Amino acid sequence: MRTPTPTPPALPTQFAVQCRDLTKSFGTGANRVQALRGVDLEVATGELLMLVGPSGCGKTTLLSVLAGTLDSDGGTCRVFGEDVQGMRDGERTRWRARSIGFVFQAYNLIPTLSAAENVAIPCVLQGMPRRAAIERGKQALADVGLADRVDARPAQLSGGQQQRIAIARALVHEPRLVVCDEPTAALDHDNGKRVMDLLRNVAARADRALVVVTHDSRIFPFADRIAHMDDGRIVRIVDDPAASTAH
Amino acid sequence: MNVFALKMLVGDRLKYLGLVIGIAFASLLITQQASIFYGYSHRIGAWIRDTSQADLWVMDEQTEYTEDRKPLTDTTLQRVRSIDGVAWAVPMWKGYLRIRLADGTRVQARLVGIDDATLLGAPPQMVEGSLADLHRDRSVLIDVDSLADLRLRHGLPGEGPRAVKVGDHIDVNDHEAIVVGSFRRTAEFFWDPVLYTTYSRALTMAPPERRQLTFVLVKVKEGVAMADVQRAITAATGHAALTGAEFEATSEKYVLAKTGILVNFGITIVLGFVIGVLVAGQLLYNFVVENLRYYAAMKAMGATNGTLVRMVLIQVAVAAGLGFGIGLGGAAISGVAMAHGGLAFEMDWRIPLLGAAAILVVCVIAALISITRVFRLEPAVVFKG
């Protein structure tokens with residue numbers, strides 16, 4: 001059951017994300033796991049924030065709450081001024097379609113659709129005609145350096161290329177918040193670097209923010225800030241990624 | 001998303017073919033077995049339909065089916081003729097008799113004796129000779145569809161085995177008869193050959209009995225209510241007066257129940273249906289479940305439950321429609337291919353409709369069961385890989 005929380009005042013526009021006292025648990029009784037224990041977090045516009053920490057520390061849960069795919073039990077979460085937890089299901093679904101770009105660890109590209117069709121999905125979900133959406137998808141693929149592979153199916157592409165398609169899909173509808181779950185976990189060093197270069201450029205826009213969950217210390221230098229989580233809490237925020245890498 | 005839904009369906013050709021073939025196989029099982037059962041059931045009343053000139057059949061009230069001989073008194077015919085609303089009434093004799101062919105081959109056959117004067121109640125289609133030839137001395141008509149049974153197994157001196165033909169002399173219950181013509185009839189459930197002769201000649205051929213009349217065929221005057229005439233006949237004679245459809249239904253009910261065909265075929269049909277349903281349902285369920293992660297990803301990206309249901313239903317409709325069409329076509333081809341072997345295959349118009357409805361319902365249920373898993377999924381699950 002969610003704890004009723006007073007609606008917070010509107011946030012300054014420089015904050016893409018502002019979370020206050022977020023809590024979330026799974027299971028009941030002896031099996032109850034407290035995944036978030038009062039998380040406070042702010043992400044500025046134009047920022048690339050990484051969430052790092054050991055497995056089970058609550059990174060993915062926090063990412064899911066930010067993206068509006070999971071209800072928190074308590075606390076508030078505003079994304080570009082909108083109270084995500086206060087939205088009803090249908091409203092939140094439409095908000096996700098409009099405002100959030102997703103990059104999944106397993107890519108989740110539909111194997112029977114071409115690269116352009118996969119990238120077009122978010123636009124079609126928002127009601128854009130299919131042909132126009134595919135044209136937009138082709139442009140997005142060109143932006144990630146895959147203009148020559150628009151008709152290829154995912155199985156015909158390397159892991160790095162598939163992740164670039166997934167990034168194009170996450171950006172094609174111009175979302176304001178992009179959430180990435182272990183985007184480089186399945187990639188070698190070169191492909192990982194290429195993907196992070198892309199994401200770094202994406203975050204460079206003032207009206208957008210990126211939150212990346214990762215275990216991959218190779219990509220820490222690409223972050224503006226790194227939030228370390230442990231046992232459902234943010235235990236440390238590092239403003240200097242190089243220092244974090246060293247740590 | 002409709003086009004994307006179809007591409008998801010047909011994109012993996014091997015899975016798509018497997019799904020369509022599975023549904024086609026299920027449809028084939030359902031429609032073929034049902035058509036064969038319907039064909040056998042429908043054949044029970046074939047002789048009644050072939051004798052279509054009469055509106056009513058008057059018979060002993062205990063008569064169970066077409067071959068069930070419970071004779072009436074001869075005066076029944078006159079009583080029926082005297083009833084208001086009866087345009088005409090003619091006698092008919094029907095029963096099993098032994099036939100001895102010229103070379104000594106013995107066969108059991110059904111003999112039908114029809115009214116001497118009018119020849120009403122005659123077979124539907126003459127092949128050789130004419131119906132009027134029945135007025136010739138000792139004449140009988142033979143059934144061309146039973147020539148395999150009406151066969152001189154040894155043959156006459158100087159010739160080999162052959163079928164009976166027009167001009168042959170045969171013995172019907174030790175009474176000499178001459179084959180003067182042949183006819184074609186609708187394939188029946190009962191397999192013994194059928195011979196036609198006149199009513200009076202049938203009585204001379206049949207073993208002597210106190211009661212000899214098997215049926216009275218009745219034509220109802222135009223403008224008179226059939227039910228009124230039926231009631232009047234029953235009141236005057238104490239016998240049943242059934243329409244052709246009623247007689248057919250009575251015969252079907254009796255034969256199906258007494259022979260165990262209903263139970264045996266019923267089991268086959270139910271098994272075919274259950275297996276078909278399970279195959280189609282399982283295949284479709286697997287197809288949807290295999291795509292669950294993509295539906296979940298789309299849900300995270302903002303697809304509503306309504307969008308996902310529509311996608312799944314489009315996939316189901318296309319796979320079920322195509323599979324059912326192939327299965328139905330296969331059933332029809334198998335029916336045509338096996339028709340010469342005597343298979344009682346008859347696809348009534350209701351069979352494709354019911355089969356399609358069954359397949360569609362099963363597919364939709366299977367799809368909805370699987371899609372409920374998407375409904376229950378938190379979209380966040382896609383972050384767990």
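Here the structure is a predicted model, which is why all the values come from computation and not from measurement. In what follows, every chain begins at residue 1, and chains take the letters A, B, ... in the order their sequences are listed.
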Whether over 12 other heavy atoms sit under 6.0 Å from B:F25 CZ = no
Region of A:R153 that comes under 4.5 Å of a non-hydrogen atom in chain B = side chain
ask   = Just one of B:K15, B:R13, B:M8 clears the side chain to side chain contact (heavy atoms under 4.5 Å, CB included) bar with A:T112, so which one?
value = B:M8
message = Could you check whether atom CG of B:L353 has more than 12 heavy atoms from other residues, nucleotides or ligands sitting under 6.0 Å from it?
response = yes
query = At a heavy-atom separation under 4.5 Å, does B:T307 approach chain A through its side chain, its backbone, both, or neither?
reply = side chain
Atom pair CZ/CD1 of B:F4 and A:I134 - distance to nearest 0.5 Å = 4.5 Å
task = Against chain B, work out which of A:Q126, A:E117, A:R169 has the most heavy-atom pairs shorter than 4.5 Å and name it.
result = A:E117
task = Using non-hydrogen atoms and a 4.5 Å limit, figure out which bit of A:R94 sits close to chain B: side chain, backbone, both or neither.
result = neither
key: Minimal non-hydrogen separation, A:I121 against B:M301, with atom names   = CG2-CE, 4.2 Å
key: A:I110 side chain reached by B:M298 side chain, heavy atoms, under 4.5 Å   = yes
request  = For B:G302 and A:A97, work out which heavy atoms get closest and say how close.
outcome  = CA-CB, 3.7 Å
note = Tightest non-hydrogen contact, residues B:A300 and A:F102, listed as O-CE1, 3.0 Å
note = For A:N108 and B:A297, the nearest pair of non-hydrogen atoms, with its separation, is CB-CB, 3.8 Å
